[in-house]
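The figures here come from the full heavy-atom set of this structure, side chains too, leaving out hydrogens, waters and symmetry mates. To find a chain, count down the sequence lines: A is the first, B the second, and so on, and within it residues start at 1.
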There are 2 protein chains.
Amino acid sequence: MAKSDELESLINQGRKHGVRKRAILLAAARLFVERGYVDTGIDDIGAAAGISGPAVYRHFPGKQAILLALVELSVERLREGTQAILADRERDPRESLSALVDWFARSSVENPDLNLILQGELLGLPVGDQRRLTRQIRQVREEWVGLLLEARPELSDLAARIAVTSVMGMVTPVLAARLSGDVRTLSVHLKAQMLAVLHVRIEEG
Amino acid sequence: MAKSDELESLINQGRKHGVRKRAILLAAARLFVERGYVDTGIDDIGAAAGISGPAVYRHFPGKQAILLALVELSVERLREGTQAILADRERDPRESLSALVDWFARSSVENPDLNLILQGELLGLPVGDQRRLTRQIRQVREEWVGLLLEARPELSDLAARIAVTSVMGMVTPVLAARLSGDVRTLSVHLKAQMLAVLHVRIEEG
DNA sequence: CAGCAATGTGAACCCGGGTTAACCTATTCT
DNA sequence: AGAATAGGTTAACCCGGGTTCACATTGCTG
């Protein structure tokens, strides 16, 4: 219930969706995560949203559009969250980095569906959207990289990119594994691990 | 070329594949990684393997069977590599852990295709195989967890599982990002990061 | 040489699931 | 009220791509 509420609030956030539309997005998100995009039929989505079959087309132009909406929501959240923390130019880089990681771990764990869809189902989209969204994600990554380089100027660009990529990606497998831990424990551990990766010192060999 | 050779040697390893069969596996692996399983047609696979279309069915019972063969190859490699290192009961847990991480990082980076397919395209398989393979992977994970718990008895089972899951999953996003670094640099950095995660100390909050 | 197994090919098949069509019921607006 | 609009329903469509068919060709083997 907590998960759904969380996702629901996120979907509601952008006010441009009607109530049925939101129900569809909610249902689709759950199904996409459970069975995957390809194995989820339009009829399934409709059924899970209380209507049946082609009625979905009154709200979305097609199946891909639903996936696209979810992925864009996810990317949007990522961008906004990052921006919000980077905008606070009071903190020093170290603090910002910690805040960023904290926010990322928490929001991902509290709302795993969007994260999992974003990671796993980009392939379901037309290549054009795929590229656009990938570019946006890379852009966010570069902001993290920039921040990390401020905090640790001794790192090479490549080293920073590897670290950030790992960090942004290490949450997903944990979510996918559905370990038994509660939200709090999971995010605490993840945060600590992410910071460890960002602060690790490499001895060249 | 290095990548293909590497994968080729892996495929050749199990001697049960004929030359054409191997060519098909090789071609399919590349295509699956590039475009994804669903967007790769049987005709594409055939063409990439030098034959065209339905000739593939002389070697495999169907498209899924190709994917299955690749995924099983990948799981097999994972199990064997893990076993090989765990079998050496001379080393202390710390050393074994380090060796495990080293092997995993290196082999994943040197041969990204199998890793990426394993992570991304499990959904293409029938649920039965999906479950079986997931179970096998979880089993390997539990061996890592056991080793980690030997090395750090103060950890809870959950904490160890979170750490191991992160560690095993953090390689994939780096591979998928296709960062500019060479094989050596990538695996060195990844190894250091993985060890950092395994050795991080959690302060309870 | 006859025969048969192995391997290819292009054409045909076919079917699941996304989409569209045709039609029905509210509710709202003039 | 009458019309337009929003939102649903079931039945039909249809098409892409995995699979199957019918038919070469080659190479062994008896």
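A rotation axis mapping the C1' atoms of four pairs onto the next four is fitted at both ends of the helix from C:dC1-D:dG30 to C:dT30-D:dA1 over five pairs, and the angle between these axes is 10° to 10 degrees.
Between the side chain of A:Arg152 and the backbone N or O of A:Val200 there is at least one donor-acceptor pair closer than 3.5 Å.
Inter-residue side-chain proximity for A:Leu78 and A:Met168 is flagged as met; some heavy-atom pair is nearer than 4.5 Å. For the pair A:Phe32/A:Ile45, a side-chain contact is recorded, criterion being any heavy-atom separation below 4.5 Å from C-beta on. At least one side-chain heavy atom of A:Thr82 sits less than 4.5 Å from a side-chain heavy atom of A:Trp103. Side-chain contact between A:Leu100 and A:Leu86: present, with at least one pair of heavy atoms (C-beta onward) separated by less than 4.5 Å.
In this structure, B:Ile51 places its CD1 atom 15 Å from C1' of D:dT25, rounding to the nearest Å. Computed from coordinates, the A:Asp39 CG to C:dG18 P distance equals 10 Å when rounded to whole Å. For A:Asp43 and D:dC13, the CG to P distance is 17 Å, given to the nearest whole Å. Regarding B:Ile42, its CD1 atom lies at a distance of 20 Å from the P atom of C:dC13, rounded to whole Å. Taking atom OH on B:Tyr37 and atom P on D:dG17, their separation rounds to 13 Å, with Å as the unit. For the pair B:Ile24 CD1 and C:dT7 P, the computed distance is 10 Å after rounding to whole Å. Rounded to an integer number of Å, the gap from CG of A:Leu68 to P of C:dG18 is 17 Å.
B:Glu150 and B:Arg94 are not joined by a salt bridge, as no carboxylate oxygen comes within less than 4.0 angstrom of a charged side-chain nitrogen.
Looking only at atom types and distance, the side chain of A:Asn115 has a donor-acceptor partner in the side chain of A:Thr172 under 3.5 Å away. Looking only at atom types and distance, the side chain of A:Ser166 has a donor-acceptor partner in the side chain of B:Gln193 under 3.5 Å away.
Heavy-atom distances under 4.0 Å link DNA chain C to A:Tyr57, A:Arg58, A:Gly62, A:Lys63 of residues 55-64 of chain A, given in residue order.
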